[in-house]
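Here's the structure, in structure tokens; my notes come after.
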Amino acid sequence: TRAWYKVRRRTSHIKAHELKAWFRSVQEIENPVIRDCLQFVILTGCRKTEAMSLKWEHVSLPDKSFVIVDPKNHSPLELPLSDYLMSLMNLRLQGNESEYVFPAESASGHLTEPKKQLYLVTENTGIHFTIHDLRRTFITFAESLDISHYAVKALVNHKVSNSDVTAGYIQLTVDRLREPMQRITDYILSEAGLSS
């Protein structure tokens, strides 16, 4: 049926004026793993499985970075951690004996879809969202800040078109991506009424 009917791309995301209520409700979630994971996703643009399966061995606090080892496009990617996420990671590390940043009592050992908590946030705020909407939110705000097209693609690990010859020459290192990542975090937190 996909050949017959074109599937519309989803466009839902959290809007700037909704961020304050969303963050307030998320920060009231009793489970700190879920609370922190949702903030991590909206502030990095990571895919759900990339965030939830992140291992400590792929996080470098001294370098303020983390690595997505097996992303959707199978090209490992090192990304910077903003100041706010550095604080979050340092708190997560305290007393965490799991190999996963976001551990859970599940077959995988890490967090999976926290449907109950997403439902509660929606009930409290009236904001309907999925975890993938958080990724879309990150990308939408990144574009609105006039961050380089290539930097945005690198931050969310989107492959550049083969026809884009220039992209093949650009090497976007973790240090080159640090300032754009911080700007996106600062903007989101500012709209949410929080400090970075």
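- Qualifying side-chain contact (heavy atoms from CB on, under 4.5 Å) partners for Arg35, counting only residues two or more places apart in sequence or in other chains: Val26, Ile29, Pro32, Gln39.
- When Leu43, Thr44, Leu189, Leu155 are each tested for a side-chain contact (heavy atoms from CB on, under 4.5 Å) with Ile184, only one passes: Leu155.
- Partners of Arg24 under the salt bridge (Lys or Arg N to Asp or Glu O under 4.0 Å) rule, at least two apart in sequence or in another chain, do not exist in this structure.
- Put simply, the side chain of Trp56 reaches to within 4.5 Å of the side chain of Val101, judged on heavy atoms.
- Within 6.0 Å of atom CD in Glu30, 12 or fewer heavy atoms from other residues, nucleotides or ligands are found, so the atom counts as exposed in its surroundings.
- Ala16 and Glu191 get closest at one heavy-atom pair: CB-OE1, 3.8 Å.
- Here His132 pairs with Thr130, Arg135, Arg136 under the side-chain contact (heavy atoms from CB on, under 4.5 Å) rule; sequence neighbours left out.
- The salt bridge (Lys or Arg N to Asp or Glu O under 4.0 Å) analysis of residues 98-117, with sequence neighbours excluded, yields the pairs Lys48-Glu113, Lys55-Glu99.
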Would you list the atom pairs, donor with acceptor, under 3.5 Å between side chains in residues 59-67 and any protein atom, with sequence neighbours excluded?
| unit_1 | atom_1 | unit_2 | atom_2 | d |
| --- | --- | --- | --- | --- |
| Ser60 | OG | Asp63 | N | 3.3 |
| Asp63 | OD2 | Ser65 | OG | 3.1 |
| Ser65 | OG | Glu78 | OE2 | 3.0 |

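- The CD1 atom of Ile14 lies 4.5 Å from the CD1 atom of Ile42; values are rounded to the nearest 0.5 Å.
- Not one N or O on the side chain of Ser190 forms a donor-acceptor pair closer than 3.5 Å with the backbone of Tyr187.
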message: Let's go through Leu77 and Glu50 carefully: what are the C-alpha distance in whole Å and the side-chain angles of both, what is the deciding distance for side-chain contact (heavy atoms from CB on, under 4.5 Å) to 0.1 Å, and is it a yes or a no?
response: CA-CA 11 Å; Leu77 176 68; Glu50 294 169 353; over 6 Å; no
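- Note that CH2 of Trp22 is 10.5 Å distant from CG of Asp133, once rounded to the nearest 0.5 Å.
- For Phe23, there are no ring pair (Phe, Tyr, Trp, His ring centres under 6.0 Å) partners two or more places apart in sequence or in a different chain.
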